[in-house]
Amino acid sequence: MDGVLIDSESIWAEVRRQFTLEHGGHWGQGTQEKMMGMSSPEWAAFMHQDLGVEPTPDEIVAGVVDAMAARYRERIPVLPGAREAVERLARRWPLAVASSANRPLIDLVLHELDLTSAFGATVSTEEVDRGKPAPDVYLEAARRLAVTPTRCAGIEDSTNGLRALFAAEMRAIAVPNRDYPPEADVLDRADVVISDLNELTPEVIDPSTT
């Protein structure tokens, strides 16, 4: 969802940076990149232990998620072509969201975009054992769709997201995040690289449809 359907990575960075600095922590270059793909227990522990944020990890999650939800209620930063891409692919295959975002944020965003019914399953990394780059969230999404992982394709924008797809043995389609692009060696491993969601067609998902 983040970085694929909505342009939200910079919002995550702003919110977590502000929370960190307001609660006794420090924020350096590359901090946001380190947290991309982590589940909320993982990034909250990182903020508490490594960044020196004073509240407990549970308090950190609650504060950050509340702030993110408030931003989304003001405006959902939907990416160009996202709605059309979802509708285009949903006519052909069952879809799932496998996101590092928290459950309340997934539900809020899909509701506000009127896309809830387009997805047969939604999974947050807070609902599995490990966040990205581990494959857990993708494997759980496939399980909920009752589809073999190797028969799935995933769309990702980040280094850790792509690594999660590789580990899940899914077809990996990269749409690089403009603010936090994937590492070059990871991007080179993607099955397909597209510049935006207008290029995300059934033929890109499954070349045999051509």
Side-chain angles (χ1 to χ4, degrees), residues 1-9 12 33 35-39 42 78-79 81-103 105-106 109-110 113 115-116 118-178 180-209:
M1 186 176 78
D2 292 296
V4 176
L5 297 181
I6 58 174
D7 188 12
S8 53
E9 294 295 358
W12 276 103
E33 289 89 334
M35 287 189 280
M36 288 174 67
M38 288 184 182
S39 66
E42 291 168 341
V78 61
L79 281 163
R83 180 185 304 278
E84 294 81 1
V86 169
E87 293 172 347
R88 187 162 57 241
L89 299 183
R91 289 194 290 267
R92 187 67 178 267
W93 296 288
L95 304 183
V97 169
S99 179
S100 299
N102 303 74
R103 167 58 58 191
L105 299 179
I106 295 173
V109 168
L110 295 185
L113 294 180
L115 288 176
T116 302
F119 294 95
T122 60
V123 189
S124 167
T125 53
E126 66 182 354
E127 299 165 352
V128 295
D129 290 338
R130 300 172 297 172
K132 303 170 185 177
D136 302 30
V137 70
Y138 279 112
L139 297 177
E140 177 61 15
R143 188 191 70 79
R144 294 187 190 185
L145 290 178
V147 179
T148 303
T150 54
R151 297 281 296 164
C152 296
I155 298 90
E156 270 289 353
D157 70 308
S158 70
T159 294
N160 282 342
L162 287 167
R163 284 175 172 157
L165 284 176
F166 302 153
E169 299 185 353
M170 296 182 177
R171 180 170 171 80
I173 298 165
V175 52
N177 189 287
R178 62 185 181 185
Y180 304 97
E183 296 171 8
D185 61 329
V186 174
L187 190 61
D188 286 343
R189 293 176 59 195
D191 294 289
V192 180
V193 179
I194 59 177
S195 60
D196 61 54
L197 294 175
N198 293 312
E199 299 177 27
L200 187 58
T201 63
E203 293 75 21
V204 167
I205 300 292
D206 181 4
S208 70
T209 61

Requested in this report: Test Val123 against Val128 for side-chain contact (heavy atoms from CB on, under 4.5 Å), laying out the working first.
Outcome: CA-CA 8 Å; Val123 189; Val128 295; 4.2 Å; yes
Query raised in the report: Any side-chain donor paired with an acceptor under 3.5 Å for Asp2 and Ser8?
Result: yes
Query raised in the report: Between Arg130 and Asp136, is there a donor-acceptor pair closer than 3.5 Å when you use the side chain of the first and the backbone of the second?
Result: no
**Report entry** Contact summary for Ala164 and Ala134, nearest pair of heavy atoms
**Finding:** CB-O, 3.4 Å
Requested in this report: For the pair Val86 and Leu5, evaluate side-chain contact (heavy atoms from CB on, under 4.5 Å) and give the outcome as yes or no after the intermediate values.
Outcome: CA-CA 9 Å; Val86 169; Leu5 297 181; 3.7 Å; yes
Query raised in the report: Looking only at heavy atoms, which two atoms of Gly81 and Asn198 are closest? And how far apart?
Result: CA-OD1, 3.6 Å
Query raised in the report: Can any side-chain N or O of Ser99 pair as donor or acceptor with the backbone N or O of Ala101 at less than 3.5 Å?
Result: yes
Query raised in the report: Any donor and acceptor pair, going by atom type alone, linking the side chain of Thr125 with main-chain N or O of Gly131 inside 3.5 Å?
Result: no
Query raised in the report: Within a strict 4.5 Å, meaning less than it, do heavy atoms of the Leu89 and Leu95 side chains meet?
Result: yes
Query raised in the report: What is the distance from atom CG of Leu110 to atom CG of Leu115, rounded to the nearest 0.5 Å?
Result: 6.5 Å
Query raised in the report: Between the side chain of Glu127 and the main-chain N/O of Ser124, is any donor-acceptor distance below 3.5 Å?
Result: yes
Query - 4.5 Å side-chain heavy-atom contact, Leu79 and Ile6 - result: no
Report summary line: Between Ala141 and Ala98, the two heavy atoms sitting closest are CB-CB, 4.2 Å
Report task. Measure from the side-chain N and O atoms of Ser158 to the backbone N and O of Gly161, and report whether any donor-acceptor pair falls under 3.5 Å. Result -> yes
Query raised in the report: Considering only heavy atoms from C-beta outward, does the side chain of Lys132 approach that of Glu156 to under 4.5 Å?
Result: yes
Query raised in the report: Can you tell me if Asp157 uses its side chain to pair, donor with acceptor, with the backbone of Pro176 under 3.5 Å?
Result: no
**Report entry** Under 3.5 Å donor-acceptor, Arg171 side chain and Ile205 backbone
**Finding:** yes
Query raised in the report: Do the side-chain N and O atoms of Ser39 and Glu42 include a donor-acceptor pair separated by under 3.5 angstrom?
Result: yes
**Report entry** Where Pro149 and Met170 come nearest, the two heavy atoms and their spacing
**Finding:** O-CG, 3.3 Å
Report summary line: Rounded to the nearest 0.5 Å, the CD atom of Glu9 sits from the CE atom of Met36 at a distance of 4.0 Å
Query raised in the report: Where do Val175 and Asp196 come nearest, in terms of heavy atoms and distance?
Result: CG2-CA, 3.9 Å
Query raised in the report: Any donor-acceptor pair under 3.5 Å linking the side chain of Glu126 with the backbone of Arg103?
Result: yes
Report summary line: So OG1 of Thr159 and CD of Glu33: to nearest 0.5 Å the spacing works out to 9.0 Å
Let me have the donor-acceptor pairs involving side chains of residues 180-191, under 3.5 Å, with sequence neighbours excluded, atom names and distances please.
| residue | atom | partner | partner atom | Å |
| --- | --- | --- | --- | --- |
| Glu183 | OE1 | Arg163 | NH2 | 3.2 |
| Asp191 | OD2 | Ala172 | N | 2.7 |

**Report entry** Distance (rounded to the nearest 0.5 Å) between Asn160 CG and Leu162 CG
**Finding:** 9.0 Å
**Report entry** Side-chain H-bond candidate by donor/acceptor type, Glu169 with Tyr138, under 3.5 Å
**Finding:** no
Query raised in the report: How many angstroms lie between atom SG of Cys152 and atom CH2 of Trp93, to the nearest 0.5 angstrom?
Result: 11.5 Å
Report task. With the side chain counted from C-beta on, respond yes when Leu113 and Arg83 share a heavy-atom pair under 4.5 Å apart, and no when they do not. Result -> yes
Requested in this report: Could you tell me whether Glu140 and Arg144 have a side-chain N and a carboxylate O separated by less than 4.0 Å?
Outcome: yes
Query raised in the report: Can we say Arg92 and Asp206 salt-bridge, meaning some charged N sits less than 4.0 Å from an Asp/Glu carboxylate O?
Result: no
Query raised in the report: Between CD1 of Ile155 and CG of Leu197, what distance do you get to the nearest 0.5 Å?
Result: 8.5 Å
Query raised in the report: Is Pro207 close to Glu203 at the side-chain level, that is, under 4.5 Å between some pair of heavy atoms?
Result: no
